[in-house]
Amino acid sequence: MDDLIVDDMKKESKLFGLLTILGYILSFSTPLLYIIDKDNNTIRDITLSVIVYFSIATIALYGWLYAKRYRIEISTKSVKIRTLFKKKEIAFCDCLNYTCKRYNKSIFYQFTLYTTEKKIVISTRYNDAFETILNQNQINLK
């Protein structure tokens with residue numbers, strides 16, 4: 001099976017990786033603030049700061065891992081999607097129609113492929129090439 005389009009989000013995962021590292025460094029170094037300056041900081045303030053930094057870092061870790069693992073391979077007959085938790089393969093013969101919209105202000109386009117029982121969301125930066133492949137397989141815009 002020859003892949004026409006191979007797309008991933010490895011470039012976009014760098015921001016989440018930096019945010020993860022920064023958040024964990026801040027959450028582990030914040031208790032030092034209490035040791036250094038006990039007069040201006042209370043235990044409650046330090047604990048609240050650690051919880052906030054740790055939560056931000058954990059959410060950024062999820063975003064980093066998801067963006068690092070996301071990969072789609074589009075061929076003339078099917079689409080293979082690999083995410084953090086699943087691998088899917090969708091044949092174009094199962095698709096009825098699709099919608100396309102730009103994802104906020106990013107370079108990605110979100111295609112929603114509708115099959116008989118479910119819908120599949122695909123994010124790619126190759127809008128024109130993917131629409132050409134969909135039109136070649138007689139899948140119409142909804």
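Residues M9 and V121 do not share a hydrophobic cluster, defined by chaining ILVMFWY side chains whose heavy atoms lie under 4.5 Å apart.
The cationic atom of K142 (NZ for Lys, CZ for Arg) does not lie both less than 6.0 Å from the six-membered ring centre of Y98 and within 45° of the ring axis.
We find that E73 and R71 are joined by a salt bridge, their nearest charged nitrogen and carboxylate oxygen being less than 4.0 Å apart. Using a cutoff of 4.0 Å between basic side-chain nitrogens and carboxylate oxygens, K68 and E12 are not scored as salt-bridged.
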So D45 and T42, side chain to side chain donor-acceptor pair (under 3.5 Å) or not? Walk me through it.
CA-CA 5 Å; D45 294 339; T42 63; 3.1 Å; yes
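When all heavy atoms of L33 and N41 are compared, the closest pair comes out as CD2-ND2, 3.5 Å. Closest approach of T99 to L141, counting heavy atoms only: CA-CD1, 4.0 Å. Closest heavy-atom contact between I72 and S123: CD1-O, 3.8 Å.
Between F28 and Y24, the angle of the ring planes stays under 30°, which puts this pair in the parallel group of the 30/60° scheme.
In this structure, N135 contributes its side chain and N140 its backbone to no donor-acceptor pair below 3.5 Å. Panel note: side chain R82, backbone K86; no donor-acceptor pair is recorded below 3.5 Å.
In this structure, a donor-acceptor pair under 3.5 Å is absent between the side chains of T115 and D94.
Under the 6.0 Å cut-off for aromatic ring centres, F130 and F111 qualify, their centroids lying closer than that.
C95 is listed as a side-chain neighbour of I90, based on a closest heavy-atom distance under 4.5 Å.
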